[in-house]
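Accompanying notes for the structure given below.
Chain letters run A, B, ... following the sequence lines, proteins first, then strands; residues in each count from 1. Just so it is clear, the values below take in all heavy atoms, side chains as well, and ignore hydrogens, waters and symmetry mates.
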Amino acid sequence: MWVFFPASQTLQPPSSFPAHFNYSTRNYQKLPIRFLALKPSVSTTKGIGDKNKLIQYLCKQGNLKEALKLLPHEPNPTQLTYELLILSCIRHDSLSDGLVVNRHLVDDGLDQDPFLATKLISMYSELDSIDDARKVFDKTTKRTIYVWNAIFRALTLAGHGIEVFDLYRQMNRFGIPSDRFTYTFVLKACVASECSVSLLQKGKEIHAHILRHGFEACVHAMTTLVDVYARFGCVSYASSVFGEMPTRNVVSWSAMIACFAKNERPFEALELFREMIAETDDSFPNSVTMISALQACGALVALEQGKLIHGFILRRGLDSILPVMSALLTMYARCGKLKLGQRVFHQMDKRDVVSWNSLISSYGIHGYGKKAIQVFKDMISHGVSPNHISFISVLGACSHAGLVLEGKMLFDSMVSEHRMYPSMEHYACLVDLLGRANQLDEAAKVIEDMRIEPGPKVWGALLGSCRIHCNVELAERACKRLFELEPRNAGNYVLLADIYAEAEMWDEVKRVKQLLEARKLQKVPGCSWIEVRKKVYSFMCVDEFNPQSEQAHALLVKLSTEMKDKGYVPQTHIVLYDLEEEEKERVLLGHSEKLAVAFGLINTKHSDTIRISKNLRLCEDCHSVTKFISKFANREIVVRDVNRFHHFQDGVCSCGDYW
DNA sequence: ATAGGGTTAG
């Protein structure tokens with residue numbers, strides 16, 4: 001079924017022009033030879049009557065300066081002349097020349113030409129001058145659908161979503177019908193907005209328009225719709241649109257797979273990926289599809305499937321594509337195979353900042369803080385400048401490894417050495433770094449002294465640290481702000497309740513739980529995955545649907561009795577309910593990662609490493625149980641929680657109980 | 001003449 005393509009056959013993008021530049025040479029090739037033979041100097045041009053053609057020629061030669069010198073001497077420039085001048089301004093990335101061309105165009109009375117208006121709008125859009133684009137649009141009275149589409153596209157690219165909808169309303173009022181291009185631009189405007197108002201409702205309205213006007217078979221419009229719903233996190237809307245598409249292509253499939261991968265549904269992402277391979281002949285996965293699939297493998301710790309995809313990548317010659325290789329490296333690292341990730345990195349013949357960042361965070365999640373810092377420095381000495389994610393990665397690595405001093409120095413170097421101002425995310429990393437290391441007061445002080453208004457991520461980092469070190473007073477302070485900033489985030493309530501429970505403040509636990517119920521919020525259920533023989537099995541906390549978990553649960557009960565004889569003490573204080581001890585122990589045994597571990601013990605060979613991933617942070621009890629099991633069952637167990645890796649072997653965890 | 005999906009993070 002797999003077709004072999006050598007690497008040399010893969011298409012490379014043209015190097016000299018920006019990707020958006022329309023470098024069609026259609027007209028160029030039609031030029032008579034005598035013009036091509038002309039030298040583009042002003043002295044030769046004087047004898048030529050047809051200056052129009054000469055200006056056009058100069059534009060195609062990339063000699064915009066000379067062309068602009070000639071322009072005032074040409075009494076009747078044609079549409080084509082101006083089109084080429086405009087394209088040339090884009091190619092030279094010169095707004096000032098663009099404005100000159102625009103002025104001449106107005107003087108020559110061509111400003112009502114809708115074709116040229118379209119070109120001008122897209123020129124200003126490319127040159128990042130949305131105000132000029134808008135001026136052209138406002139002055140154009142003959143607005144063809146091209147003109148409308150151009151302004152929609154320009155506004156969307158500039159992030160002015162709201163303006164798009166004002167104009168779109170006008171267009172509808174004028175009775176101008178949308179075409180398939182209009183829908184894609186206007187849909188994208190829903191997610192391209194600088195304002196915080198949710199434009200999901202707008203997206204749904206346009207969805208209705210599309211169906212009402214018979215565009216449900218337009219692959220582009222429907223694919224955009226899938227993507228827009230995905231970006232709003234509306235996975236079920238996205239998948240129902242996808243499901244009803246009469247025809248799909250590789251982009252539609254990729255959009256849907258990416259939707260699952262990006263919205264914490266990696267299981268479905270891989271399922272769809274498999275379906276894509278099995279059911280479609282003409283839309284086989286390409287590099288973009290592979291990247292999303294790799295992301296899903298990483299999220300699930302599905303190493304076997306990840307290796308399979310690595311094979312596809314090699315066979316299809318996609319191994320020279322940087323983003324693919326970075327995704328591959330990340331997949332291996334996230335599956336606990338740091339060495340394989342390193343190997344991918346070293347085999348890359350070119351590396352960009354993303355490749356370096358991937359390696360930095362790979363060391364980070366494995367707890368190798370010093371190594372991550374070293375790679376960060378190597379990156380700089382190789383002439384690659386760190387970006388904001390490089391700092392998040394390296395600060396995160398310091399945090400996992402408890403490298404407080406080093407982390408603080410790196411944070412300070414952002415401004416002093418790299419002239420980058422820390423964003424909310426960077427402050428959150430710093431707070432996490434200090435808080436995790438039990439320097440909670442200093443963490444709180446960082447928040448006080450921030451030069452931007454502290455947002456939920458920063459307060460959330462503080463709250464997380466309060467959970468680890470059981471600091472009720474500071475937690476309450478963080479929650480006061482968090483409940484204002486993000487009242488719908490159930491996780492904050494749960495953390496606070498956890499802290500109260502640990503402090504045995506049962507009345508407060510009850511109060512927080514009532515708050516959760518009153519606001520109709522639900523805590524995210526704990527969920528763990530394990531891959532056995534290339535199939536991924538998922539376990540939910542208190543899982544009634546999975547027949548496998550009954551067997552796993554029985555094994556756990558047996559193990560826990562044995563472990564108790566050998567010194568295991570159930571960490572019942574973390575149970576949020578005020579129950580009898582025995583009941584609490586039962587609750588603890590129902591945790592999804594324990595079920596997954598037990599399932600792994602039953603269904604894999606003794607020599608196999610058990611690999612598990614979990615959607616939440618690993619709880620203390622599961623951590624100590626897994627340590628016990630690794631010793632008594634003599635098994636290597638790797639668990640990846642939301643934050644990092646835990647390699648359990650012989651009763652010890654690689655995190656050194658610091659996580 | 002204009003269009004759709006992707007990489008690194010806590």
Side-chain angles (χ1 to χ4, degrees), chain A residues 20 22 24 26 79 83 86-87 114-119 121-122 125 144-154 156 179-188 218-228 230-231 248-259 261-262 283 285-295 298 321-331 333-334 352-362 364-365 386-397 399-400 423-433 436 457-458 460-461 464 617 642-644:
Chain A
H20 54 255
N22 179 359
S24 154
R26 187 170 48 89
Q79 194 192 50
E83 182 192 358
I86 291 168
L87 288 178
F115 175 84
L116 288 176
T118 307
K119 291 288 168 197
I121 291 169
S122 58
S125 170
T144 60
I145 192 66
Y146 288 102
V147 176
W148 286 100
N149 287 346
I151 193 66
F152 291 146
R153 176 173 181 269
T156 297
D179 68 3
R180 60 215 161 104
F181 294 93
T182 319
Y183 289 120
T184 59
F185 295 135
V186 180
L187 274 173
K188 276 187 154 289
C218 172
V219 185
H220 280 87
M222 296 312 267
T223 304
T224 313
L225 198 51
V226 169
D227 184 53
V228 167
R231 282 173 207 267
R248 306 176 188 126
N249 60 21
V250 62
V251 183
S252 336
W253 284 92
S254 303
M256 193 60 227
I257 291 168
C259 170
K262 282 231 151 64
S283 50
N286 62 14
S287 67
V288 178
T289 331
M290 300 289 185
I291 288 167
S292 291
L294 286 170
Q295 246 186 322
I321 298 173
L322 275 182
V324 172
M325 295 320 269
S326 298
L328 189 64
L329 146 58
T330 304
M331 182 279 292
R334 285 168 64 84
D352 62 3
V353 67
V354 179
S355 340
W356 286 97
N357 290 351
S358 305
L359 188 64
I360 292 169
S361 55
S362 300
I365 53 174
N387 63 9
H388 65 118
I389 293 174
S390 315
F391 278 101
I392 292 171
S393 309
V394 75
L395 288 171
S399 183
H400 291 313
S423 71
M424 195 68 75
E425 274 108 336
H426 299 110
Y427 280 112
C429 288
L430 185 62
V431 169
D432 182 73
L433 172 79
R436 224 178 259 274
K457 283 189 176 163
V458 178
R617 181 181 170 274
V642 260
N643 293 323
R644 60 164 297 155

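Under 4.0 angstrom from either OP1 or OP2 of dA9(B) there lies at least one side-chain N or O belonging to Ser361(A). The phosphate of dG6(B) (OP1 or OP2) has no side-chain N or O of Gln295(A) nearer than 4.0 angstrom. Taking side-chain N and O atoms only, Lys188(A) has no distance below 4.0 Å to OP1 or OP2 of dT2(B).
Thr224(A) contributes no side-chain N or O that forms a donor-acceptor pair with the base of dG4(B) under 3.5 Å. With hydrogens and angles left out, the side chain of Asn286(A) and the base of dG5(B) share a donor-acceptor pair within 3.5 Å.
The distance from atom NZ of Lys119(A) to atom CD of Gln79(A), rounded to the nearest 0.5 Å, is 9.5 Å. Taken to the nearest 0.5 Å, the OG atom of Ser362(A) stands 5.5 Å off from the CG atom of Leu359(A).
Checked by atom type and distance alone, the side chain of Thr330(A) pairs as donor or acceptor with a backbone atom of Ser326(A) at under 3.5 Å.
Listed nucleotides: dT2(B), dA9(B), dA3(B). Nearest to the side chain of Asp179(A): dT2(B). If you check dA3(B), dG5(B), dT2(B) against the side chain of Val250(A), the one that comes closest is dG5(B). Nearest nucleotide to the Val219(A) side chain, out of dG4(B), dG6(B), dT2(B): dG4(B). Between dG6(B), dA3(B), dT7(B), one nucleotide has an atom nearer to the side chain of Thr184(A) than all others, and that is dA3(B). For Arg180(A), the side-chain atoms get nearest to dA3(B) when compared with the rest of dG6(B), dA3(B), dA9(B). Distance from the side chain of Ile291(A) is smallest for dT7(B) among the nucleotides dA1(B), dT8(B), dT7(B). In the set dG5(B), dA9(B), dA3(B), dA3(B) carries the atom at the smallest distance from any side-chain atom of Arg153(A). When the nucleotides dT2(B), dG6(B), dG4(B) are ranked by their closest atom to the side chain of Phe181(A), dT2(B) comes out on top. Side-chain proximity of Glu425(A) to dG10(B), dT2(B), dT7(B): nearest is dG10(B). Distances from the side chain of Pro323(A) to the nucleotides dA1(B), dG10(B), dG6(B) place dG6(B) closest.
Remark: P of dG10(B) and CZ of Arg334(A) are 9 Å apart, rounded to the nearest angstrom. Here dG10(B) presents its P atom at 8 Å from CD1 of Ile365(A), a figure rounded to the nearest Å. Across the protein-nucleic acid pair, Ile389(A) atom CD1 and dA9(B) atom C1' stand 6 Å apart, rounded to whole Å. Regarding Ile360(A), its CD1 atom lies at a distance of 18 Å from the P atom of dT7(B), rounded to whole Å. What separates CG of Leu329(A) from P of dG6(B) is a distance of 20 Å, to the nearest Å. Protein atom CH2 of Trp356(A) is 16 Å distant from nucleotide atom P of dA9(B), rounded to whole Å. The distance between atom CG of Leu187(A) and atom C1' of dG5(B), rounded to the nearest whole Å, is 14 Å. One can place CG of Asn387(A) at 8 Å from C1' of dT8(B), the figure rounded to the nearest angstrom.
Contact annotation for Thr182(A): no contact, since no heavy-atom pair falls under 4.0 Å across all strands. Within 4.0 Å of Val324(A), counting heavy atoms only, lies no atom of the nucleic acid at all. Among the heavy atoms of the strands lying under 4.0 Å from Thr330(A) are primed sugar atoms or P, OP1, OP2 only; no base atom is included. Counting non-hydrogen atoms under 4.0 angstrom, Ala428(A) reaches nothing in the nucleic acid. Residue Arg644(A) is out of contact with every strand shown, counting any heavy-atom pair closer than 4.0 Å. When heavy atoms are screened at a 4.0 angstrom cut-off, Asp227(A) is found touching the sugar-phosphate backbone but no base atom.
Remark: the Asn286(A) side chain and the Thr289(A) side chain contain an N/O donor-acceptor pair separated by less than 3.5 Å.
Stacking between Phe115(A) and the base of dA1(B) is absent under the criterion of ring centres within 5.5 Å and planes under 30 degrees.
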Side chain to side chain contact (heavy atoms under 4.5 Å, CB included), that's the test. Do Asn387(A) and Ser390(A) meet it? Break it down for me.
CA-CA 5 Å; Asn387(A) 63 9; Ser390(A) 315; 2.9 Å; yes
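Looking at every heavy atom in both residues, Ser355(A) comes nearest to Leu322(A) through OG-CD2, 4.1 Å. Here the shortest heavy-atom pairing between Ser287(A) and Ile321(A) reads CB-CD1, 3.9 Å.
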